[in-house]
Asks: 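Shown below is the structure under consideration.
The basis for the numbers below is simple: all heavy atoms, side chains too, and nothing from hydrogens, waters or symmetry mates.
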Amino acid sequence: MKNKLKLTFALSALIPLVMCFFSCVSDDVELLKTVDTSDAVIFKVTEEESMLKPEAFYENSKNTADIYIKTDNPKANIYLNGNYQGISPLRITDLVPGYYSLMVEFSQSSSEFNIHKYMIELEMGKENVYYIEK
């Protein structure tokens, strides 16, 4: 008799919890069905496997490296090693010579972006000029 009473008590406490769980799950499922996807942001990423060669380079007498980035679409966002640098056209000076990751983000619209990723090599005493097309 005591065991039946304990089981009945346990089930009576468990039933409201189970009902609450299924109620929450069904609300979430309904919420997912009504999400408007027209505001979705679209990113198209293009990654170059090889090094990006400069369009031109100029010698300077500094112990650092400089880059100048031009794009066919003005106001593209420029990132160097994942850090935002500014919008194109953009000159970045006094960099330590070496290899860098260059990312250029073109805005197609308020919700669509084209992203181009490259590797570049900067040499001491040079300014590399890069031209990147959308």
Asks: Taking only distance into account, with no hydrogens and no angle test, what donor-acceptor pairs under 3.5 Å do side-chain atoms of residues 73-85 form with protein atoms, sequence neighbours excluded?
Replies:
{"from": "Asn77", "atom 1": "ND2", "to": "Glu105", "atom 2": "OE1", "distance (Å)": "2.8"}
{"from": "Asn81", "atom 1": "OD1", "to": "Ser101", "atom 2": "N", "distance (Å)": "2.8"}
{"from": "Gln85", "atom 1": "NE2", "to": "Asn83", "atom 2": "O", "distance (Å)": "3.2"}

Asks: Please list, chain by chain and in numerical order, all residues satisfying salt bridge (charged side-chain N to carboxylate O under 4.0 Å, His left out) with Glu121, sequence neighbours excluded.
Replies: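 With neighbours one apart ignored, the set is empty.
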
Asks: Decide if atom CZ of Phe57 counts as having more than 12 heavy atoms of other residues, nucleotides or ligands within a radius under 6.0 Å.
Replies: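 Open: at most 12 neighbouring heavy atoms sit under 6.0 Å from CZ of Phe57.
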
Asks: Applying side-chain hydrogen bond (donor to acceptor under 3.5 Å, both in side chains), can you list everything that pairs with Tyr130, at least two apart in sequence or on another chain?
Replies: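 In terms of side-chain hydrogen bond (donor to acceptor under 3.5 Å, both in side chains), with neighbours along the sequence ignored, Tyr130 is linked to Asn128.
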
Asks: Which residues satisfy the ring pair (Phe, Tyr, Trp, His ring centres under 6.0 Å) test with Tyr100, sequence neighbours excluded?
Replies: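 With neighbours one apart ignored, the set is empty.
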
Asks: Which residues pass the side-chain hydrogen bond (donor to acceptor under 3.5 Å, both in side chains) test with Thr64, sequence neighbours left out?
Replies: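 Applying side-chain hydrogen bond (donor to acceptor under 3.5 Å, both in side chains) to Thr64 gives Asp94.
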
Asks: Who passes side chain to side chain contact (heavy atoms under 4.5 Å, CB included) against Thr93, sequence neighbours left out?
Replies: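 Expected list: Lys62, Asp66, Arg91.
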
Asks: Quick one: side chain to side chain contact (heavy atoms under 4.5 Å, CB included) partners of Tyr131, sequence neighbours excluded?
Replies: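 Counting only residues at least two positions away or on another chain, Tyr131 forms a side chain to side chain contact (heavy atoms under 4.5 Å, CB included) with Glu55, Lys70, Asp72, Glu133.
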
Asks: Which residues end up grouped with Val129 if you chain together Ile, Leu, Val, Met, Phe, Trp and Tyr wherever their side-chain heavy atoms are less than 4.5 Å apart?
Replies: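 Joined to Val129, directly or through intermediates: Tyr58, Tyr68.
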
Asks: With the side chain counted from C-beta on, respond yes when Lys126 and Glu59 share a heavy-atom pair under 4.5 Å apart, and no when they do not.
Replies: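 Heavy-atom side-chain distance check passes, below 4.5 Å.
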
Asks: Rounded to the nearest 0.5 Å, what separation is found between the CD1 atom of Ile67 and the CD atom of Glu127?
Replies: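 If we round to the nearest 0.5 Å, Ile67:CD1 and Glu127:CD are 9.0 Å apart.
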
Asks: Which pair of non-hydrogen atoms, one from Leu122 and one from Ala65, has the smallest distance, and what is that distance?
Replies: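 The pair with the smallest heavy-atom distance is CB-CB, 3.7 Å.
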
